[in-house]
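As structure tokens, the structure follows; a few thoughts come after it.
Protein chains get the first letters and strands the later ones, always in sequence-line order, with residue 1 at the start of each.
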Amino acid sequence: MIVTLNGSPEELPDGAQLSDLLAVHGHTTAARGIAIALNGAVVRRADWAAQALDDGDAVELLVAVQGG
Amino acid sequence: MIVTLNGSPEELPDGAQLSDLLAVHGHTTAARGIAIALNGAVVRRADWAAQALDDGDAVELLVAVQGG
Amino acid sequence: MIVTLNGSPEELPDGAQLSDLLAVHGHTTAARGIAIALNGAVVRRADWAAQALDDGDAVELLVAVQGG
Amino acid sequence: MIVTLNGSPEELPDGAQLSDLLAVHGHTTAARGIAIALNGAVVRRADWAAQALDDGDAVELLVAVQGG
Amino acid sequence: MDDPLLLAGETFSSRLILGTGGAPSLDALEASLSASGTEIVTVALRRLDPTARGSVLDVVDRLGCRVLPNTAGCFTARDAVLTAHLAREAFETDWIKLEVIGDDRTLLPDAVELLDATEQLVDAGFQVFAYTTDDPILGRRLADAGVAAVMPLGSPIGSGAGIRNPYNIAILRESVAVPVVLDAGIGTASDAALAMELGCDAVLLASAVTRAQVPARMAEAMRKAVEAGRLAHSAGRIPRRLYAEASTSFAGLPAL
Amino acid sequence: MDDPLLLAGETFSSRLILGTGGAPSLDALEASLSASGTEIVTVALRRLDPTARGSVLDVVDRLGCRVLPNTAGCFTARDAVLTAHLAREAFETDWIKLEVIGDDRTLLPDAVELLDATEQLVDAGFQVFAYTTDDPILGRRLADAGVAAVMPLGSPIGSGAGIRNPYNIAILRESVAVPVVLDAGIGTASDAALAMELGCDAVLLASAVTRAQVPARMAEAMRKAVEAGRLAHSAGRIPRRLYAEASTSFAGLPAL
Amino acid sequence: MDDPLLLAGETFSSRLILGTGGAPSLDALEASLSASGTEIVTVALRRLDPTARGSVLDVVDRLGCRVLPNTAGCFTARDAVLTAHLAREAFETDWIKLEVIGDDRTLLPDAVELLDATEQLVDAGFQVFAYTTDDPILGRRLADAGVAAVMPLGSPIGSGAGIRNPYNIAILRESVAVPVVLDAGIGTASDAALAMELGCDAVLLASAVTRAQVPARMAEAMRKAVEAGRLAHSAGRIPRRLYAEASTSFAGLPAL
Amino acid sequence: MDDPLLLAGETFSSRLILGTGGAPSLDALEASLSASGTEIVTVALRRLDPTARGSVLDVVDRLGCRVLPNTAGCFTARDAVLTAHLAREAFETDWIKLEVIGDDRTLLPDAVELLDATEQLVDAGFQVFAYTTDDPILGRRLADAGVAAVMPLGSPIGSGAGIRNPYNIAILRESVAVPVVLDAGIGTASDAALAMELGCDAVLLASAVTRAQVPARMAEAMRKAVEAGRLAHSAGRIPRRLYAEASTSFAGLPAL
């Protein structure tokens, strides 16, 4: 399946979960300083481990950067 | 009947109209620079001549003053 | 003889006077808005007509210009 | 004899010296933070011990105060 | 220089709007209005005072000025809207100087109530002259809501403290296409000139004139100051420098 | 208000003195002088430039202005005194704008040479208009030395930076009995108005007009600004407050 | 003087909050944070940049600072609220520096969206640190809505223009009971000291340190300036006078 | 940062010089001097007051500070020179803070008498610390005359009005090679920080501390403010801008 990650298409194995996507990018579900929105809604940290993904999902994976 | 004019009670003959109240205070319904609220609602200038009054009505009779 | 006018050498006939120098530069001794220093001293307007010049004299011929 | 100290007359035994005057006011010639003018002239510290006084002398005895 | 002021579809030659509050007498007021050259004058509505002699309106009418009624003293959109409707009846004008204040110590406008009242009044066909802060974003919101003019304060009403943040006034001026009228805080002539130099289209003031020791003289000063500031604004001022720039050339200095 | 300016025993109706340096052309200068309403104009003396067309003096004479020659470019009392004597011959006037500067980056006056030159020129019968710092003590020394006017700078010549220390100007104004003319630093109309509000008797400026994008328009602005500031000064401004002071009374507010 | 800062129920000894934007490197940032003595640091959330090395969070954690995430870049209440919720997940904190801006040239806050977002976030249990204008009435509305701190700007973000309207800051400080943090516009140490002298409880700054030529040195300057301003505020400064007040007595002057 | 102050051939770590005038008691003075970290303290000479208890000199000596005697109250070069010589005898020091004032309302220095006294005292081997105006040309003359430090005022002594013309202070700082000490007018911590940011080498103040409501606390504030300003000066501040400059990047904003 293909999801959109931070605006770019990304191919994932069918059945992949959010935790798989995080792993691909070097993060675990315990990672501090990251946040995830799925199709415009915040995914609570407690739900990261079990969150399923579907073809066409839009994922925003955000990290802490210098600011403000 | 008794109406409240600008916060003070004022006795009027039964059946008195807004125009009578104005006349008592030296104004005609053609007077420029005055405005009237009846029970918290604006009375349009066009309605001044025909506006009835009831016992207990609260009338605000406002005039132009120096300001701002 | 040679005099210095405003920092540059200028040849004049022997016996030339200040009035001659002025005339060469299009001014009369009645000219308003000009001033003359001879060898570092002011020449009074009254003395312009009769002021002699000597070889080597340094003349400053100043005119009114825009200024502050 | 009578000298003027800081603008007021002060009686001293004849033959009194500057050091006597200082002593009267609780200072020695070694005192730090004081200065002396005699008849409008500064008396150098080195001269305090031996400085004579005459009748009519005007002495300014100055001390360190809070300032500026 | 022909340079008329356009406000709510009308044309004026004076860029000075006068408030009438604080004048020691109607005679003094008339002299001041006259000396100021103003064509627009603010008035308020208050309960009839049987002891009052004469009417500010007679003065304004006699001088041929347009009336700009205000909503001074209103703390809520509701009161301000009601007052505007009363003023429309009283003065037969759609013009309203909209003041909705947040407290009675600073008389500063309340952004939320101000925007609310603005929307209601624009919908009801009023020409809204909105007394506001110097906040450029709020000014743009008012412009977007359809006001006839954005009227930022220089400093609190009657404070005479001038323009405390000229940068905000300049940025606000750039941020909207509608007229900007500096309203409140002017203390003296140079304040009024500065307002115009910052690009304001007009100046509205009251206390600076009415409470001056010689009101009519200050009114004349303000007229000239506004004209001066307007001319200076379009004349293209020289830049500010730290050091000097000689106005008399050093070239041609004599050897003395 | 009849309010003439007295300078060196003469009377003027305009309180704006114009410098002529920096004007793009004599035509532009004439238009500016005319628009400014000035009656006194400064000029300098420099070596004859054979390529120059027309004379600033013709312009000044045509407008009927008084000439105030300056000693611009002089760094010493000696040079300034000599220049003043030359100017007396050139313009048949005892008036001299005395400038004795300390460096060519700031063009700030040199107190020591200035006082020296002042004393020499007063002795020689000149009417000395002394360009000086905003130092009240130096101003008083110049007044004591007999100058016709003390002329403190607001900021460096041609800087357009306005009046950097208005407090000193106000204190200086109180410290002397002779006329005080704000000379140098004016950038725009509000600066000129402020100078007058601080109590100055007149304003002298050049670059602010001559180097503006539209000189004649700025000249007109300055004329009005000086008049405005003068009127405001004598009209008695309202005090500055931190908070508001209502211009519309809260009394008589309706219950809506 | 024991004078801790209370924010959202927690106690801090430093009154300087540092933004991390603009630092040339994480090493430079760490040195600056360390020199500043700050205990609270702002960070933002942005899309993962695979090329980035190291994390600002590691720096902040290593120094034991509290994280104050911001909503920089949001123009609407909706975006800001969503960003705040994301930040809560990312940093496991209810603290949020709420920025809702009106345009990208001034980065000034939009009062309407700001109030809307504030109400939503307070309802959702957030400790809202509201970046706002210097408008005292808006500040009071934010306080009434339950913010942890009102954070008025001195001048636009990153402008280094200092506090353009100190009067408004002082009035805002008096108008609310919650902590007031001067946020945005600080350019140098005296600006930070002034903020504290005006009664602010803390100062938040970023560019003034991170973009200084020697960031860590400026960070140390800011630490001392904030402490100095805080002390001066409570030490009771002398009044401002026009004239002098002798510090050395004239009494006892000798007759020399 | 090792950044000692060099004055008259000696080295100091504190850049704050304290005047002692105006302290409510010697105890309060001692606490203030101690909190300020100063190493140099001014004192005056006056006629012995038999009722006085304790001596300022004991306090100064106990704290190990250097004494800088002043000539406060002198109106002429003659009096100031005589006072300096008296001070040399009293304190066995060649250091003298030279004050020659022009009037007793402003306590502003008199340029002419000041220069005269400076020349006499330099000839007599004194290290002259010259209290002067903010005039850069006069400052250069003092430097040329051989002073140990040029000490321009920010505003009148004891006025607490801060630095009225920071441009002049900055230009003066550039104009001389000797140390520049901002002397007089400081009211609060941000004033002291600003003086250092303008490039001054040190700050001298008295009333701001001694007449504060809590002198020792203000002294500590001043110590930190001077350090802050010095650091900020050399840290290279960001430029001032009219608009914003984002501290948080817009790059990487999520699509929410």
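In terms of heavy atoms, G/A219 sits closest to G/L16 at O-CD2, 4.5 Å. Smallest separation of non-hydrogen atoms from G/I96 and G/L68: C-CD1, 3.7 Å. Across every non-hydrogen atom of G/V150 and G/G139, the tightest pair is CG2-O, 3.7 Å.
Both the backbone and the side chain of E/L108 come within less than 4.5 Å of a heavy atom in chain G. Only the backbone of E/P109 comes within less than 4.5 Å of a heavy atom of chain G; no side-chain atom from C-beta onward does.
Residues of residues 167-203 of chain E lying under 4.5 angstrom from chain G, judged on non-hydrogen atoms, are E/Y167, E/I171, E/E174, E/S175 in numerical order.
Checking side-chain atoms of E/T210 against main-chain N and O of E/G21 turns up a donor-acceptor pair under 3.5 Å.
Interface check for chain E: of the options G/D135, G/V112, G/D134, G/L115, the most heavy-atom pairs under 4.5 Å are formed by G/V112.
In this structure, E/F129 and E/W95 have tilted ring planes: the angle between them lies in the 30° to 60° band.
Between the CD1 atom of G/I101 and the CD1 atom of E/I137 there is a distance of 8.5 Å, given to the nearest 0.5 Å. E/S32 OG to E/E220 CD: the interatomic distance, rounded to the nearest 0.5 Å, is 11.0 Å.
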